[in-house]
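Both counts, for ligands and for their atoms, begin at 1 and track the order of listing.
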Amino acid sequence: MDALDVLNQEHRHIQRVLQLLERAVAKGQDGEFVSASLFVRAANFFLTFVDGSHHAKEMVLFQTMVAHRLPLAPGLLAQVSGEHGTGSEHAVALLCAAESMLRGGETDPARMLGAAEDWLRLYRGHTAVEEAQVFPLARRLLPAGILDRMRTRFARIEASHGSLAEASEALERAFLPVRPGRAFRGPVCSF
Ligand SMILES: [Fe+2]
Ligand SMILES: [Fe+2]
């Protein structure tokens with residue numbers, strides 16, 4: 001698995017989290033109860049693993065593409081790099097709104113749901129652009145040896161943040177509702 005495979009695989013993990021968050025937002029907008037603590041966890045995942053780890057790896061890729069003078073569309077890297085910053089701002093807004101709900105400072109989930117929607121909307125378009133325009137160019141024009149060295153730098157980034165794959169799987173489990181057949185069946189209290 002080379003550096004570009006790592007980034008693509010991370011996109012799949014992130015997309016699964018997006019789908020779960022999207023469903024939670026839809027439930028909240030329908031007036032159903034949504035857990036603010038799950039939104040806090042999602043925001044922390046975006047800040048630590050998406051921004052801190054995935055985006056940091058992509059910045060290594062972008063800088064390498066520039067250093068190798070790859071024929072990128074004008075403004076493309078500025079656009080995707082700028083979206084990393086905007087995504088981080090949306091994640092902070094989501095964290096603040098969800099924490100306020102959790103502390104009882106807010107009872108209307110509208111601000112929390114709106115911040116989650118901002119993040120979802122931005123990130124779907126962002127990932128699509130990277131996969132359609134950035135990664136294929138890097139795949140075609142960056143030598144295999146460069147991608148190998150990049151993989152080593154990715155491993156260093158991952159070492160300081162932890163595994164994005166494991167974090168997304170833990171978050172997915174947290175979002176999934178408890179199925180009736182898997183409910184806790186511990187001892188029944190007799191008092
Ligand atoms: Fe990105
Ligand atoms: Fe990405």
Is it true that Arg111 and Asp108 make a salt bridge, defined as a side-chain N closer than 4.0 Å to a carboxylate O? no

List the atom pairs, donor and acceptor, that lie under 3.5 Å between side-chain atoms in residues 145-152 and the rest of the protein, sequence neighbours left out.
| from | atom 1 | to | atom 2 | distance (Å) |
| --- | --- | --- | --- | --- |
| Arg151 | NE | Met1 | O | 3.4 |
| Thr152 | OG1 | Asp148 | O | 3.4 |

Identify, with sequence neighbours excluded, every residue that meets side chain to side chain contact (heavy atoms under 4.5 Å, CB included) alongside Leu38. Ser35, Ala174, Phe175

So, Glu131 and Arg12, do they make that salt bridge, N to O below 4.0 Å? yes

Could you tell me which residues satisfy side-chain hydrogen bond (donor to acceptor under 3.5 Å, both in side chains) with Gln29, sequence neighbours excluded, listed by chain and number? Glu117

Where Leu4 and Phe135 come nearest, the two heavy atoms and their spacing: CD1-O, 4.1 Å

Using a distance threshold of 2.8 Å, what protein N/O/S atoms lie below it relative to the Fe ion (ligand 2)? His11 NE2, His54 NE2, Glu58 OE2, Glu130 OE1

